[in-house]
> 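Encoded as structure tokens, here's the structure I'll be asking about.
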There are 4 protein chains.
Amino acid sequence: MTNHINTLSQRQLKSVQTRNKLLGAARKVFIDQGFQKTTITQIIKDAELGYGTAYVHFKNKDDILIALIEDVMNQFYKIADLPFRPTTKDEAERTIRKQVGSFLELAKQEQRILAVVEEAIGQSPIVQAKWNDIRERFVEGIAKDITYSQENNLAYPDVDPLLAGKGWFYSNEMFLWEITKRDGKMNLEDIVHNLTTMYVRGLYK
Amino acid sequence: MTNHINTLSQRQLKSVQTRNKLLGAARKVFIDQGFQKTTITQIIKDAELGYGTAYVHFKNKDDILIALIEDVMNQFYKIADLPFRPTTKDEAERTIRKQVGSFLELAKQEQRILAVVEEAIGQSPIVQAKWNDIRERFVEGIAKDITYSQENNLAYPDVDPLLAGKGWFYSNEMFLWEITKRDGKMNLEDIVHNLTTMYVRGLYK
Amino acid sequence: MTNHINTLSQRQLKSVQTRNKLLGAARKVFIDQGFQKTTITQIIKDAELGYGTAYVHFKNKDDILIALIEDVMNQFYKIADLPFRPTTKDEAERTIRKQVGSFLELAKQEQRILAVVEEAIGQSPIVQAKWNDIRERFVEGIAKDITYSQENNLAYPDVDPLLAGKGWFYSNEMFLWEITKRDGKMNLEDIVHNLTTMYVRGLYK
Amino acid sequence: MTNHINTLSQRQLKSVQTRNKLLGAARKVFIDQGFQKTTITQIIKDAELGYGTAYVHFKNKDDILIALIEDVMNQFYKIADLPFRPTTKDEAERTIRKQVGSFLELAKQEQRILAVVEEAIGQSPIVQAKWNDIRERFVEGIAKDITYSQENNLAYPDVDPLLAGKGWFYSNEMFLWEITKRDGKMNLEDIVHNLTTMYVRGLYK
DNA sequence: AATGAATGAGACTTCATTCAT
DNA sequence: CATGAATGAAGTCTCATTCAT
């Protein structure tokens with residue numbers, strides 16, 4: 001019985017190793033060639049595996065990228081879900097500044113793979129859907145935060161939470177993409193400072 | 001002699017007609033199928049012309065799209081170059097509101113072809129370069145406007161004109177793309193109002 | 001000792017069970033998808049067994065079908081070997097009618113798997129050989145019956161037993177395939193009656 | 001103007017030549033390898049043409065075979081439509097004998113390509129449909145002939161024209177396939193004689 | 001006996017592009 | 001200028017089969 005289990009897990013182990021080999025090769029090729037130019041053939045060759053092996057583990061190119069970015073995507077969700085319960089304008093600003101900082105920091109850390117993601121968004125409906133989901137989660141979160149701030153008399157009431165949330169996230173997102181495209185040549189602190197200052201001043205009393 | 005000239009211009013006329021036929025067909029197919037799925041073959045068939053004819057007039061698919069959107073691009077340049085010399089915060093707000101309005105109005109008018117452009121930006125380096133040019137023109141213009149406002153003591157001085165300009169344009173741009181994707185279901189006025197209000201309040205004293 | 005024997009036969013039992021599971025799944029998939037579109041992969045999945053398991057029991061797709069239709073093939077052999085010793089034209093007709101009836105009845109009963117067999121005949125040399133064997137057995141049997149009838153002055157002597165046997169069986173066979181293709185929408189009695197009447201009148205005095 | 005027409009027809013000529021080259025190569029490869037084993041790649045290589053060229057002229061493998069057998073198929077239609085207006089049993093027999101003779105003669109002449117057709121019938125729905133069409137045309141024709149003979153009191157009335165027609169054609173068809181499979185080793189005259197004799201005796205008074 | 005991950009040959013198909021007319 | 005037949009590179013994906021456990 002133990003034997004049986006061992007056999008199984010050994011196999012599973014090998015399978016996982018192969019999968020990781022594929023993902024490693026994919027990461028390399030994607031970053032090197034970009035999403036469009038990358039072919040499954042290249043990934044397989046780089047992974048030094050058999051031709052059909054990729055198809056044992058993944059359905060197609062999109063599927064590989066999705067698997068590859070799962071972790072990063074989850075980190076985005078975490079940032080989107082950061083709690084927001086300020087009692088003063090200053091506290092709000094600090095919290096917002098933190099969120100923006102984490103967001104752009106993540107962009108910097110995962111710069112190269114996110115550059116691939118940006119390209120893929122324009123080409124793979126599935127990747128696009130994934131990103132839209134993240135976008136929506138952020139926008140909804142921000143809209144709630146704005147509503148909360150208005151209800152607590154911290155923010156101007158003449159602002160549509162959803163539209164303002166969109167506008168705010170869109171700014172952030174575009175800086176995210178800009179960061180992924182320029183190799184570390186941007187000063188994140190400046191960006192965070194400017195963005196937050198203007199946003200808070202425009203929204204909070 | 002006159003005969004010769006006539007023959008020549010007749011040829012030129014025909015050539016222009018052919019080119020327009022191609023552009024007309026391209027517009028149709030692009031809007032119908034999107035940038036990626038559109039093939040030169042399809043455009044040619046739709047234009048009821050010979051296979052090689054497209055290559056007489058255009059280098060490739062990107063080239064066709066570029067030609068197709070030239071007018072729209074120029075309209076964007078015009079909006080980017082709108083003059084900005086306000087003497088009061090109110091005047092600034094009115095001018096800005098006008099610019100945003102024109103910008104998003106253009107998005108609505110050219111909705112379908114701009115949807116193609118968005119797709120193409122992620123796939124064609126040339127189209128991307130074209131759009132980046134427009135983006136830069138806008139950002140630079142806005143940065144100048146901010147600097148002007150700061151120099152004239154209308155705007156807060158603690159803001160980096162370039163970063164603020166980017167953030168502001170990025171919001172606008174993302175709404176632009178959102179408008180191109182949703183068939184006229186968005187209330188432009190609301191968007192313009194919210195965006196401008198927050199921006200002006202965040203930037204102007 | 002007994003224990004050892006038990007262990008062995010238990011293994012054999014399991015093996016037989018696995019084999020039957022495979023055959024059951026194969027029947028289902030073959031009938032569902034047809035011979036060509038059926039893949040060993042599908043059969044294995046449907047049987048919920050391991051990928052390599054099929055190869056322990058069968059050599060390939062053809063081999064599985066062969067095993068699957070063994071029973072039906074044997075029933076055909078039985079019908080082909082039906083005794084024929086009539087003393088009058090009427091007796092001959094009754095016997096022939098019976099044989100044809102059994103033949104087409106079997107077609108109706110095993111309709112779905114025979115439809116697969118027909119497809120496989122055109123694609124698998126082994127299945128084709130199997131069917132040719134049955135065909136030959138029938139033709140030879142009929143030729144003998146004709147010779148017998150001629151020797152006993154029941155049938156016209158101006159007929160080549162082998163050619164006549166072929167012609168007669170061919171008619172029957174084609175009706176067999178037609179029956180397998182149309183779901184029970186054919187009136188077997190009418191077919192049997194017409195075929196036999198014409199055959200007997202054409203052959204027997 | 002003449003020039004224009006000439007240019008066109010020269011092109012068309014070349015195109016037709018290419019098509020014929022393809023068909024010639026296809027004929028060779030089909031006969032050599034059979035339908036299943038033949039690949040478009042092989043045909044193209046044999047025709048010494050470019051890879052995509054086959055797809056300019058034909059949609060797929062089936063399409064090539066269809067084009068290749070068009071002539072033969074038409075000859076079958078001609079035989080199926082042979083007129084039948086006998087006034088005596090003898091005349092009927094002569095006419096039928098002629099039709100059967102032509103039918104099997106055609107099989108002999110086009111033996112090799114028909115062997116491919118038989119294989120293809122079991123694999124390509126389109127080829128199957130084509131052959132079913134021919135089969136139906138024959139069966140319908142024969143059924144009409146039988147009806148005519150019954151109405152003119154030449155044939156026994158206790159026979160269903162459609163079923164008898166099928167049975168009769170099925171015999172013939174199976175001999176056709178047998179002929180295509182055995183290289184000219186069959187004596188057509190014997191077959192024709194036996195088939196016709198039995199059929200006429202079984203049907204005609 | 002059973003397993004199932006890995007393999008890789010190879011079929012199919014599309015499409016941008018060329019070039020002779 | 002216009003044409004369109006011909007080209008062939010390139011990529012996707014399937015599936016029978018092997019073999020170590």
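Order of the sequence lines sets the chain letters (A, B, ...), proteins ahead of strands, with each chain counted from 1. Just the heavy atoms: all of them, side chains too, but no hydrogens, waters or symmetry mates, feed the values below. From a predicted model like this one, the values you see are computed outputs, not experimental measurements.
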> Once you round it to whole Å, what is the distance between C1' of F:dA2 and NZ of B:Lys21?
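Distance, rounded to whole Å: 11 Å.
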> Can I get a per-line list of side-chain donor-acceptor pairs under 3.5 Å for residues 62-70 of chain B, giving both atom names and the distance, sequence neighbours left out?
{"residue": "B:Asp62", "atom": "OD2", "partner": "B:Ser124", "partner atom": "OG", "Å": "2.5"}
{"residue": "B:Asp63", "atom": "OD2", "partner": "B:Lys59", "partner atom": "N", "Å": "3.0"}

> Are the side chain of C:Thr18 and the backbone of C:Lys14 linked by a donor-acceptor contact shorter than 3.5 Å?
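Indeed, once roles are kept as given, a pair shorter than 3.5 Å links the two residues.
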> Below the 4.0 Å mark, does E:dA1 have OP1 or OP2 next to a side-chain nitrogen or oxygen of C:Ser15?
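No, C:Ser15 has no side-chain N/O under 4.0 Å of OP1/OP2 on E:dA1.
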> Return each pair, listed once, that meets side chain to side chain donor-acceptor pair (under 3.5 Å) where at least one residue sits in residues 19-32 of chain A; pairs must be two or more places apart or across chains.
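Every candidate side chain to side chain donor-acceptor pair (under 3.5 Å) pair involving residues 19-32 of chain A fails, so no pair, neighbours aside, qualifies.
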> Considering residues at least two apart in sequence or located in another chain, which fulfil the side chain to side chain contact (heavy atoms under 4.5 Å, CB included) criterion with D:Glu48?
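Partners of D:Glu48 under the side chain to side chain contact (heavy atoms under 4.5 Å, CB included) test: none.
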> What residues from residues 38-49 of chain C pass a heavy-atom cutoff of under 4.0 Å to DNA chain E?
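DNA chain E contact set from residues 38-49 of chain C: C:Leu49.
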> Does the side chain of C:Phe30 reach to within under 4.5 Å of the side chain of C:Lys37, using non-hydrogen atoms?
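No; the side chains remain at least 4.5 Å from each other.
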> Tell me: NZ of D:Lys37 to P of E:dA11, nearest whole Å?
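In whole Å, E:dA11 P and D:Lys37 NZ are 11 Å from each other.
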> For DNA chain E, what residues of residues 51-64 of chain A have any heavy atom nearer than 4.0 Å?
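A:Tyr51, A:Gly52, A:Thr53, A:Val56, A:His57 - these, ordered by number, are the residues of the stretch whose heavy atoms sit under 4.0 Å from the strand.
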> Less than 4.5 Å apart, side chain to side chain, heavy atoms only: is that true for D:Trp177 and D:Ile121?
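They are in side-chain contact.
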> With sequence neighbours left out, what residues match A:Glu119 under side chain to side chain contact (heavy atoms under 4.5 Å, CB included)?
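Here the qualifying residues are A:Phe35, A:Gln36, A:Gln123.
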> Which residue pairs satisfy the ring pair (Phe, Tyr, Trp, His ring centres under 6.0 Å) criterion with at least one member in residues 40-67 of chain C, sequence neighbours excluded?
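Not a single pair qualifies under ring pair (Phe, Tyr, Trp, His ring centres under 6.0 Å).
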> Can you list everything that forms a side chain to side chain contact (heavy atoms under 4.5 Å, CB included) with B:Thr39? Sequence neighbours excluded, please.
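With neighbours one apart ignored, the set is B:Thr41, B:Gln42.
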> Once Watson-Crick and G-U wobble pairs under 3.5 Å are found, how is DNA chain F written in dot-bracket notation, 5' to 3', with | for any base paired to another strand?
.||||||||||||||||||||
> Does atom NZ of A:Lys130 have more than 12 heavy-atom neighbours, drawn from other residues, nucleotides or ligands, at distances under 6.0 Å?
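No - once you tally the heavy atoms of other residues, nucleotides and ligands closer than 6.0 Å, there are 12 at most.
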> Please name all residues satisfying side chain to side chain contact (heavy atoms under 4.5 Å, CB included) with A:Ala115, sequence neighbours left out, ordered by chain then number.
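Testing A:Ala115 for side chain to side chain contact (heavy atoms under 4.5 Å, CB included), a comparison that skips the adjacent residues, returns A:Thr180.
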> How close or far is atom P of E:dA5 from atom CD of A:Gln17, stated in whole angstroms?
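To the nearest whole Å, that distance equals 14 Å.
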> Among residues 26-36 of chain C, which residues get a heavy atom nearer than 4.0 Å to DNA chain F?
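Within this stretch, nothing sits under 4.0 Å of the strand.
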> Check salt bridge (charged side-chain N to carboxylate O under 4.0 Å, His left out) between A:Lys181 and all other residues, then give those that pass, not counting sequence neighbours.
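Once residues adjacent in sequence are excluded, the partners of A:Lys181 under the salt bridge (charged side-chain N to carboxylate O under 4.0 Å, His left out) criterion are A:Glu118.
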> How far apart are the C-alpha atoms of A:Ile113 and A:Glu110, what are their side-chain angles, what is the distance that settles it, and do they pass the side-chain contact (heavy atoms from CB on, under 4.5 Å) test?
CA-CA 6 Å; A:Ile113 199 66; A:Glu110 304 287 350; 3.8 Å; yes
> Atom CD of D:Gln10 to atom C1' of F:dG4: distance rounded to whole Å?
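Distance check: D:Gln10 CD to F:dG4 C1' gives 15 Å.
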